[in-house]
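Heads up: the structure comes next, in structure tokens.
Excluded from the calculations below are hydrogen atoms, water molecules and symmetry mates; all remaining heavy atoms, backbone and side chain alike, are included. Counting starts at 1 for both ligands and their atoms, in listed order. Keep in mind that what you see is a predicted model, and the values were worked out from it rather than measured.
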Amino acid sequence: MIKVAIYNEYLHEKTEKWVADVYPEGIHGQLKKVLSDEFEVTTYTLENIDELTEEALQNIDVLIWWGHMGHHLVPDEVAARVRDAVHGGMGMIFLHSGHHSKPFKLLMGTKCNLLWRDGDYERIWNVKPSHPIAQGIGRFIYLEHEETYGEPFGIPDPDEVVFISSFEGGEVFRSGCCFTRELGRIFYFQPGHETYPTYYNEEIIKVIKNGINWVYSTYRDHKGLDSHHVKIPTTVSEDV
Ligand code: ZN
């Protein structure tokens with residue numbers, strides 16, 4: 001079984017009743033519930049984020065990240081360790097406002113800003129039906145309520161864009177983006193504002209599951225790429 005860890009800062013659910021009503025066990029609790037049938041799932045929150053040690057990360061196949069109001073509370077060392085783990089082959093999925101998280105910005109190298117406003121309906125268009133992450137998904141996923149995110153999205157051009165969303169106001173957004181950083185694969189998936197029941201939607205969960213399988217790699221370099229120092233012969237042997 002693929003070992004999945006979910007990090008959710010777990011702040012909105014504890015401070016805002018309308019969020020707790022949607023996610024009584026936290027966003028991480030809901031994600032764990034719907035992912036546990038196919039994956040071995042553990043969870044982390046800001047309270048135990050220090051437990052995301054180098055050793056712990058080495059034993060995580062895929063890390064899912066949900067954060068928003070507490071991005072600044074994530075220690076820089078943890079963010080750097082997550083980046084290094086991705087470079088070493090750990091799979092990574094950033095959800096929704098994870099676009100402004102420290103590890104995402106480290107991995108992208110840009111500010112990752114975007115346009116946003118309050119909720120409307122969203123259509124998540126499947127623009128790459130042949131992609132593994134789009135399997136089982138039709139032409140689009142419809143969400144009655146989701147926060148509007150719009151372009152320009154300040155990321156480097158993704159390797160592949162699997163979903164582009166449109167919103168009631170006509171905004172469009174690259175809502176499903178794939179990246180590779182050294183040995184690691186990254187999937188950014190936009191839906192999941194804390195006040196809407198997005199992570200109860202079966203199609204959204206299907207995409208996250210496909211995403212886990214896509215970012216997962218059996219090849220891990222636990223020592224870092226620097227250990228791959230290979231002496232390249234400078235002369236060609238003549239004894240053929
Ligand atoms: Zn949001």
Side-chain angles (χ1 to χ4, degrees), residues 6-35 43-46 49 63-74 79 82 92-108 110-125 140-155 158 161-177 179 186-205 207-208 211:
I6 301 162
Y7 165 78
N8 168 30
E9 61 181 25
Y10 197 31
L11 296 177
H12 288 285
E13 300 95 320
K14 289 190 288 189
T15 53
E16 293 155 51
K17 189 188 173 302
W18 54 92
V19 179
D21 286 346
V22 182
Y23 293 110
E25 289 163 60
I27 286 172
H28 57 298
Q30 171 60 16
L31 287 172
K32 183 178 182 181
K33 198 179 287 176
V34 292
L35 297 176
T43 61
Y44 294 84
T45 68
L46 260 181
I49 195 167
L63 178 59
I64 298 175
W65 197 278
W66 197 103
H68 180 227
M69 64 196 282
H71 288 324
H72 64 291
L73 301 173
V74 172
V82 169
M92 186 95 204
I93 296 178
F94 290 93
L95 296 173
H96 189 58
S97 39
H99 73 91
H100 261 169
S101 66
K102 287 182 183 178
F104 188 67
K105 290 200 279 191
L106 280 176
L107 286 159
M108 296 297 116
T110 56
K111 287 190 281 218
C112 306
N113 288 334
L114 46 79
L115 171 160
W116 64 275
R117 64 183 175 81
D118 284 343
D120 267 327
Y121 72 70
E122 173 176 4
R123 274 202 178 81
I124 303 165
W125 292 91
F140 62 82
I141 301 170
Y142 177 76
L143 297 176
E144 204 178 338
H145 297 290
E146 186 47 80
E147 188 171 32
T148 297
Y149 274 17
E151 298 284 343
F153 186 13
I155 48 170
V161 176
V162 185
F163 300 107
I164 294 176
S165 290
S166 58
F167 298 83
E168 198 168 356
E171 296 90 345
V172 293
F173 186 71
R174 289 169 289 172
S175 50
C177 300
F179 305 88
I186 301 159
F187 178 53
Y188 171 79
F189 191 42
Q190 166 267 330
H193 186 66
E194 65 274 5
T195 56
Y196 304 120
T198 301
Y199 298 131
Y200 292 84
N201 181 299
E202 283 178 16
E203 289 176 295
I204 296 296
I205 298 307
V207 171
I208 294 173

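- Among residues two or more places apart in sequence or in another chain, the salt bridge (Lys or Arg N to Asp or Glu O under 4.0 Å) test is passed with K14 by E47.
- A side-chain contact (heavy atoms from CB on, under 4.5 Å) with I124 is found for exactly one of I204, I164, V207, namely I204.
- Among residues two or more places apart in sequence or in another chain, the ring-ring contact (aromatic ring centres under 6.0 Å, His included) test is passed with H99 by Y149.
- Under the 6.0 Å cut-off for aromatic ring centres, Y188 and F153 qualify, their centroids lying closer than that.
- Shown here are the protein N/O/S atoms lying under 2.8 Å from the Zn ion (ligand 1), water excluded: H96 NE2, E147 OE1, H193 ND1.
- In this structure, Y196 and H193 have tilted ring planes: the angle between them lies in the 30° to 60° band.
- A search for side chain to side chain contact (heavy atoms under 4.5 Å, CB included) contacts involving V19 returns H12, E13, E16, E194, T195, not counting sequence neighbours.
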